[in-house]
Amino acid sequence: MKITFYGHASLGIEVGDVHILVDPFISPNEKAAHIDINQIKADYILVTHAHQDHIHDVETIAKHTGAMVISNFEIAHHYGDKGIDFHPLNHGGSWDFEFGRVKYVNAIHTSSFPDGSYGGQPGGFVIEGEHKNIYIAGDTALTMDMKLIPMQVKLDLAILPIGDNFTMGVDDAIIASDFVQCDKILGYHYDTFGYIEIDHEEAKRKFFNKDKDLMLLAIGESIEL
């Protein structure tokens, strides 16, 4: 499994020959100006919630690539109405795709489309691949529901928001990593704009002091599990 960071909360995930994109907000992000969305491959697009900073490029990329949108019922049907292939999920529900099993799990946040219309309830995703399992938290506060995840799956990586203000910050993310029983963390949802700027070295130090590994990737950088 190869994971590429496209800035903010946008990720590319390769599982074998399958390309998965998560919450594509790339073209409006000045920090990701060197990323050409027309060059991004996508067979599936996972959307955690309907906020603009998570869906901006969904329609463009889905129509360009033919990708299937996977999200909550309201978001999935929103794109289905635009002629885009889709698969709706709801909290606690799972489905087997060609790249693995996807479960939509709870997140504490809000969810509305840019025009203010209802975007369903926010969530995160647990992906169980053939060899690796990951948790993509989406935008969320720290929640006790995270403790349910390791009761069902052993994670190899947890992808957690760490920017504070709109989501949990570094200190809560450390507790979240305890809740999901995963000490290998990829941080995201930070630095894009002033409210969520963080001190990288301090964040890494705090995780290190708890015997955890926090990875902060440059935009366009990848890791392999």
Pair Val18-Glu98, side-chain contact (heavy atoms from CB on, under 4.5 Å): steps then yes or no:
CA-CA 8 Å; Val18 178; Glu98 61 181 311; 3.6 Å; yes
Using side-chain heavy atoms (C-beta onward) and a distance below 4.5 Å, is Val126 in contact with Val102?
no
May I ask whether Met144 and Ile108 are part of the same hydrophobic cluster, defined by side-chain heavy atoms of I, L, V, M, F, W, Y residues being less than 4.5 angstrom apart, directly or through others?
no
I want to check something: taking the side chain as every heavy atom from C-beta on, are Lys2 and Ile223 in contact at a cut-off of under 4.5 Å?
no
Side-chain contact test, heavy atoms from C-beta onward, threshold under 4.5 Å: evaluate it for Ile159 versus Leu11 and give yes or no.
yes
State whether the number of non-hydrogen atoms from other residues, nucleotides or ligands found under 6.0 Å of Phe208 atom CZ is greater than 12.
no
Start with the C-alpha distance between Phe99 and Asp43, add both sets of side-chain angles, then the distance that settles side-chain contact (heavy atoms from CB on, under 4.5 Å), and finish with yes or no.
CA-CA 10 Å; Phe99 58 87; Asp43 300 299; over 6 Å; no
Side-chain H-bond candidate by donor/acceptor type, His8 with Asp53, under 3.5 Å
yes
For Ile61 and Ile37, the nearest pair of non-hydrogen atoms, with its separation, is CD1-CB, 4.1 Å
Let me see the working for Lys63 and Glu59 under side-chain contact (heavy atoms from CB on, under 4.5 Å), right down to the final yes or no.
CA-CA 6 Å; Lys63 289 183 173 178; Glu59 185 175 349; 2.8 Å; yes
So Leu225 and Ile3, do their side chains get closer than 4.5 Å, heavy atoms only?
yes
Side chain to side chain, Phe5 and Glu221, heavy atoms closer than 4.5 Å
no
Any side-chain donor-acceptor pair under 3.5 Å between His109 and Thr140?
no
Taking the six-membered ring for Trp and the single ring otherwise, decide whether the centroids of His189 and Phe166 are under 6.0 Å apart.
no
Donor-acceptor pair, side chain of Asn106 and main chain of Asp145, under 3.5 angstrom
no
Would the distance check show the side chain of Ser10 and the main-chain N or O of Ile26 forming a donor-acceptor pair, the cut-off being under 3.5 Å?
no
Between Asp23 and Thr48, a side-chain donor and acceptor under 3.5 Å:
yes
Closest non-hydrogen atoms of Ala137 and Ala107, given as atom of the first, atom of the second and distance, are O-CB, 4.1 Å
Where His131 and Asp156 come nearest, the two heavy atoms and their spacing:
O-OD2, 4.1 Å
From Thr143 atom OG1 to Asp172 atom CG, the distance as rounded to the nearest 0.5 Å
11.0 Å
Heavy-atom neighbours of Phe73 CZ exceed 12 at 6.0 Å:
no
Nearest non-hydrogen partners of Ile219 and Ala32, listed with the distance:
CG2-CB, 3.9 Å
Residues Lys31, Asp191: salt bridge by 4.0 Å N-O rule:
no
Phe25-Ile75 co-clustered via ILVMFWY side chain contacts under 4.5 Å
no
Looking at OG of Ser112 and CD of Gln52, how far apart are the two atoms once the value is rounded to the nearest 0.5 Å?
10.5 Å
Identified ring pair (Phe, Tyr, Trp, His ring centres under 6.0 Å) counterpart of Tyr104 within the set Tyr135, Trp95, Phe125
Phe125
No-hydrogen, no-angle side-chain donor-acceptor test under 3.5 Å, Asp139 and His51:
no
Could you grab the distance from atom CG of Asn209 to atom CD1 of Ile174, nearest 0.5 Å is fine?
8.0 Å
Is Asp17 atom CG crowded by more than 12 heavy atoms from other residues, nucleotides or ligands, each under 6.0 Å away?
no
Which atoms form the tightest heavy-atom contact between Thr167 and Ile162, and what is the distance?
OG1-N, 4.4 Å
Gln181 side chain to Lys147 side chain, donor-acceptor N/O pair below 3.5 angstrom
no
Any side-chain heavy atom of Phe207 within less than 4.5 Å of one from Asp183?
no
Mind checking whether Val58 and Val69 have side chains closer than 4.5 Å, heavy atoms only?
yes
Does the side chain of Val22 come within less than 4.5 Å of Ile45's, by heavy atoms?
no
Would you please classify the geometry between the Tyr44 ring and the Phe97 ring as parallel, tilted or perpendicular, with 30° and 60° separating the classes?
perpendicular
Under a 4.0 Å N-O cut-off, is there an ion pair linking Arg205 with Glu201?
no
Pair Asp178 + Lys212: basic N to acidic O under 4.0 Å
yes
Can you tell me how far apart CD1 (Ile40) and OG1 (Thr60) are? Round to the nearest 0.5 Å.
11.0 Å
What is the minimum heavy-atom distance between Gly138 and Pro161, and which atoms define it?
O-CG, 3.3 Å
Are Ile13 and Met215 connected into the same hydrophobic cluster when the rule is that any two of I, L, V, M, F, W, Y join if their side-chain heavy atoms are below 4.5 Å apart?
yes
